[in-house]
Amino acid sequence: MLILSHLFIIALAAILHTSDAGVSMHNPFYCYSEDPIKPQIGMFGTKSTYETSRGRNIDPNVSTCTPSKFWLLSRHGTRLPSGSDLRRIFEHSERLHREILSNYDQGKTSLCASDMELIRPWRFDPNITADVDQYLVVAGWNELQGLGQRYQAAFPTLLPSTYSRNDYFFRTTDRQRTLASLRAFADGLFGYNGYEQVQFEEVPQQDYLLRPYDLCPLYDEVVEEPVEQNAFVEGPEYQEMIAQVSAKLGFHGSHTLRAVEVETLITICRYEQIWDLNSTSPLCGGFSVANHQVLEYFEDLEYYWKVGFGHRNYRRLFENLNCNLMQDFLNFIRTNEVTDHKARIFSTHSTILQLILVTLGVFEDEVQLTRHNFALQTNRLWKSSLVAPMGTNVAVIRYDCEDGDNDLLFLFNEKPLQIAGCAANGVCKQSLILERFSRFLEGNCMEIFCRNS
């Protein structure tokens with residue numbers, strides 16, 4: 001397991017997501033290194049750090065009943081770039097860096113001096129190579145370790161600090177970043193190197209539980225072409241953003257940056273910032289807050305249509321993809337066997353986390369996100385920065401009630417998840433949840449999960 005030791009994170013206070021106030025005006029002289037708030041750190045889409053969106057105080061006393069079971073689905077923590085991102089970085093970053101320095105020295109940029117002081121000596125970390133793409137970094141380890149510690153502090157009777165296979169069930173996917181994240185969560189529960197005691201469940205070659213979207217041809221057909229996202233790139237907001245970033249970095253006239261070059265720069269900006277929140281990512285100096293809002297919406301369009309509520313004619317398919325996972329969850333919360341685990345804990349990816357939000361029917365906007373309505377969607381519910389940052393998680397705690405209709409507390413990123421028909425504090429009645437999702441309990445998931453009915 002590789003975790004780059006120099007990428008250390010100390011917890012950051014919650015960052016205000018200022019794009020909720022409306023579309024920001026572009027400031028060509030904005031100085032990133034001198035901004036004490038840096039609100040755009042909370043606008044990095046699925047590359048956002050968990051610290052910008054997590055809750056600060058889990059309330060375990062929302063029910064007068066007795067907590068008895070804990071179920072958790074979590075995305076892995078902060079990681080290295082993907083292989084495709086790294087290829088772009090290797091292809092473009094050194095040349096772009098040289099040209100930015102030359103542009104600044106010729107007086108072509110509007111970069112402030114303090115941003116330039118960081119950009120001038122910058123180079124991409126040579127230790128990050130293609131053979132470790134998407135590996136978990138120390139910041140990601142700390143995110144999941146802290147998550148384990150906080151859930152245990154809130155529910156000590158459910159999450160004992162001594163490991164027993166009778167109490168705990170741990171399941172991950174076959175990727176390094178998810179296994180490392182689950183180990184980090186276990187360390188949060190059991191102490192330093194506590195994960196070494198844990199027996200992690202074997203991962204099947206075909207993972208219908210945590211990666212069902214890999215096994216559904218119909219889903220591939222539906223999401224094959226990102227029509228809205230591609231159209232947004234050709235639209236006025238995105239093209240204006242490219243022009244603004246180009247001018248800021250001194251690329252004028254026929255030398256304006258291409259979309260792939262802007263994408264390379266923003267990728268580096270985001271990753272280097274979330275790897276160490278206490279530092280200032282040099283290449284973020286090329287982007288204003290307004291630019292980040294456009295780039296965030298660009299990513300939101302991708303995930304809204306790929307794993308969210310975009311394809312209304314295929315809503316049932318997107319809900320059904322989680323059949324095996326919902327069946328696991330529902331069987332766990334409804335049974336009272338003495339041999340049951342106290343906790344079932346899963347580590348997976350952003351795709352399944354966002355799909356389960358669709359299954360639960362939360363964060364759905366009344367008006368669809370499209371290429372045309374960026375300015376009207378500043379208060380949208382489906383913001384990937386908020387619904388799918390690194391470390392995203394859905395937790396459900398069962399409270400045993402004397403009348404037999406138990407309470408279920410739903411938490412999303414350690415905050416109450418408001419499900420239709422349930423209380424504002426995240427508490428649902430077990431009978432309501434079992435009835436609403438009964439088709440997953442009663443059906444054959446191998447027949448259901450890839451069906452749009």
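Small disclaimer: the values here were computed from a predicted structure and weren't measured.
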Any sub-3.5 Å donor-acceptor pair from [X]'s side-chain atoms to [Y]'s backbone N or O?
{"X": "Gln152", "Y": "Leu159", "result": "yes"}
{"X": "Gln327", "Y": "Gly443", "result": "yes"}
{"X": "Lys69", "Y": "Asn336", "result": "no"}
{"X": "Gln244", "Y": "His26", "result": "no"}
{"X": "Gln239", "Y": "Val233", "result": "yes"}
{"X": "Asn393", "Y": "Leu144", "result": "no"}
{"X": "Arg270", "Y": "Thr267", "result": "no"}
{"X": "Gln273", "Y": "Cys269", "result": "no"}
{"X": "Asp365", "Y": "Arg380", "result": "no"}
{"X": "Asp187", "Y": "Gln145", "result": "no"}

For Phe309, run the ring pair (Phe, Tyr, Trp, His ring centres under 6.0 Å) check against Tyr304, Trp382, Tyr314 and tell me which one passes.
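Among the candidates, only Trp382 passes.
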Result of checking Tyr30, Phe298, Tyr297, Phe44 against His292 for ring pair (Phe, Tyr, Trp, His ring centres under 6.0 Å):
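Only one option passes, and that is Phe44.
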cation_pi(Lys248, Phe287) dist<6.0 Å, angle<=45
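That pair does not qualify as a cation-pi contact.
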Are Lys342 and Phe70 in a cation-pi contact, defined as NZ or CZ under 6.0 Å from the six-membered ring centre and within 45° of the axis?
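No, a cation-pi geometry is absent between Lys342 and Phe70.
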Under a 4.0 Å threshold between the charged nitrogen and the carboxylate oxygen, would [Y] count as salt-bridged to [X]?
{"X": "Arg315", "Y": "Glu364", "answer": "yes"}
{"X": "Arg54", "Y": "Glu51", "answer": "yes"}
{"X": "Arg371", "Y": "Glu237", "answer": "no"}
{"X": "Glu143", "Y": "Arg79", "answer": "no"}
{"X": "Asp207", "Y": "Arg171", "answer": "yes"}
{"X": "Asp407", "Y": "Arg398", "answer": "no"}

With a 4.5 Å cut-off on side-chain heavy atoms, are [Y] and [X] touching?
{"X": "Ile41", "Y": "Ser48", "result": "no"}
{"X": "Pro212", "Y": "Asn320", "result": "no"}
{"X": "Phe190", "Y": "Tyr168", "result": "yes"}
{"X": "Thr351", "Y": "Leu355", "result": "yes"}
{"X": "Val427", "Y": "Tyr399", "result": "no"}
{"X": "Met326", "Y": "Phe329", "result": "yes"}
{"X": "Val262", "Y": "Met241", "result": "yes"}
{"X": "Trp305", "Y": "Val223", "result": "no"}

Mark yes when over 12 heavy atoms from residues, nucleotides or ligands other than Phe332 sit less than 6.0 Å from its CZ; otherwise mark no.
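Atom CZ in Phe332 is crowded, with more than 12 foreign heavy atoms closer than 6.0 Å.
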Regarding [X] and [Y], do their side chains bring together a donor and an acceptor under 3.5 Å, going by distance alone?
{"X": "Asp220", "Y": "Tyr213", "result": "no"}
{"X": "Ser384", "Y": "Glu299", "result": "no"}
{"X": "Asn27", "Y": "Ser288", "result": "no"}
{"X": "Thr178", "Y": "Thr172", "result": "yes"}

Between OH of Tyr271 and CG of Asp125, what distance do you get to the nearest 0.5 Å?
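Tyr271 atom OH to Asp125 atom CG measures 14.5 Å (nearest 0.5 Å).
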Audit row: Glu228, Thr370, side chain to side chain donor-acceptor pair (under 3.5 Å) steps and yes/no
CA-CA 6 Å; Glu228 291 298 320; Thr370 72; 4.5 Å; no
Residues in side chain to side chain contact (heavy atoms under 4.5 Å, CB included) with Ser84, at least two apart?
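In terms of side chain to side chain contact (heavy atoms under 4.5 Å, CB included), with neighbours along the sequence ignored, Ser84 is linked to Ser82, Arg87, Arg88.
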With Arg165 via side chain to side chain contact (heavy atoms under 4.5 Å, CB included) - residues at least two apart:
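By the side chain to side chain contact (heavy atoms under 4.5 Å, CB included) rule, Arg165 matches Tyr163, Gln199, Glu201.
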Quick one, Arg439 with Glu319, criterion salt bridge (charged side-chain N to carboxylate O under 4.0 Å, His left out). Give me CA distance, side-chain angles, the key distance, then yes/no.
CA-CA 11 Å; Arg439 63 193 178 88; Glu319 294 175 352; 3.2 Å; yes
Please enumerate all residues that pass side chain to side chain donor-acceptor pair (under 3.5 Å) together with [X], with sequence neighbours excluded.
{"X": "Asn230", "answer": "Glu225"}
{"X": "Ser181", "answer": "none"}
{"X": "Trp71", "answer": "Asp328"}

Test side chain to side chain donor-acceptor pair (under 3.5 Å) applied to Ser68 and Asp400, Asn406, Thr157, the passing residue
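Result: among Asp400, Asn406, Thr157, Asp400 is the only option passing the side chain to side chain donor-acceptor pair (under 3.5 Å) with Ser68.
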Please assess Arg183 against Trp141 for the test side chain to side chain contact (heavy atoms under 4.5 Å, CB included), listing each intermediate value before the final yes or no.
CA-CA 8 Å; Arg183 288 174 171 174; Trp141 179 279; 4.0 Å; yes
Step through it carefully: locate the ring centre of Tyr219, locate the ring centre of Phe318, and say whether they are under 6.0 Å apart.
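Yes, ring centres under 6.0 Å apart.
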Do the two ring centres, one from Tyr238 and one from Phe374, sit under 6.0 Å apart?
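No, the ring centres sit 6.0 Å or more apart.
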Which residue, Leu210, Thr173, Thr392, forms the side chain to side chain contact (heavy atoms under 4.5 Å, CB included) with His349?
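With His349 as partner, Leu210, Thr173, Thr392 yield a single side chain to side chain contact (heavy atoms under 4.5 Å, CB included), made by Thr173.
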Determine, step by step, whether Tyr151 and Leu189 satisfy the side chain to side chain contact (heavy atoms under 4.5 Å, CB included) criterion, reporting the C-alpha distance in whole Å, the side-chain angles of both residues, the deciding distance to 0.1 Å, and the verdict.
CA-CA 9 Å; Tyr151 274 130; Leu189 298 175; 5.8 Å; no
Run Leu72 and Val394 through side chain to side chain contact (heavy atoms under 4.5 Å, CB included) and show every step you take.
CA-CA 6 Å; Leu72 178 75; Val394 174; over 6 Å; no
Run the numbers on Leu147 and Ser74 for side chain to side chain contact (heavy atoms under 4.5 Å, CB included), then give the verdict.
CA-CA 10 Å; Leu147 185 67; Ser74 177; 4.1 Å; yes
Closest approach of Cys216 and Phe449, non-hydrogen atoms and distance?
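Looks like CB-CE1, 4.0 Å.
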Which pairs, with at least one residue in residues 444-453 and sequence neighbours excluded, count as a side-chain hydrogen bond (donor to acceptor under 3.5 Å, both in side chains)?
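Counting only pairs at least two positions apart or across chains, the side-chain hydrogen bond (donor to acceptor under 3.5 Å, both in side chains) contacts touching residues 444-453 are Arg451-Ser453.
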